[in-house]
Amino acid sequence: MKCETVQGNELESSYKKAIASNPADNRTKNKLFQCENFEHAQQALQKLRPIALIYNCTPAQLALPWLIAQPQINPIARAR
């Protein structure tokens, strides 16, 4: 993956480095992690972060209940 614009926080940068350094990484084929789409996803996360702070949770924790409430969507959360 090679994007011309490299901006953003350390997390965004670490994702790009991880994807670029490992061609076997599944994210290399995922359209969400490719250049322009990745930038749009980061912009969405920037909007979610202040809301997550209000509720004292992460953006993922904020998004999961919203996803669960959507009809015909079955989110699968992964614990680490």
J.: Would the distance check show the side chain of Gln61 and the main-chain N or O of Thr58 forming a donor-acceptor pair, the cut-off being under 3.5 Å?
T.: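 Between the backbone of Thr58 and the side chain of Gln61 there is a qualifying donor-acceptor contact (under 3.5 Å).
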J.: Roughly how far, to the nearest 0.5 Å, is CH2 of Trp66 from CG of Leu48?
T.: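 Reported to 0.5 Å precision, the distance equals 9.5 Å.
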J.: If every non-hydrogen atom of Ala52 is compared with every non-hydrogen atom of Pro59, which pair is closest and at what distance?
T.: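 Nearest heavy atoms, Ala52 then Pro59: CB-N, 3.8 Å.
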J.: Would you compute the distance between atom CG of Asn56 and atom CG of Leu62 and round it to the nearest 0.5 angstrom?
T.: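 It is 12.0 Å, given to the nearest 0.5 Å.
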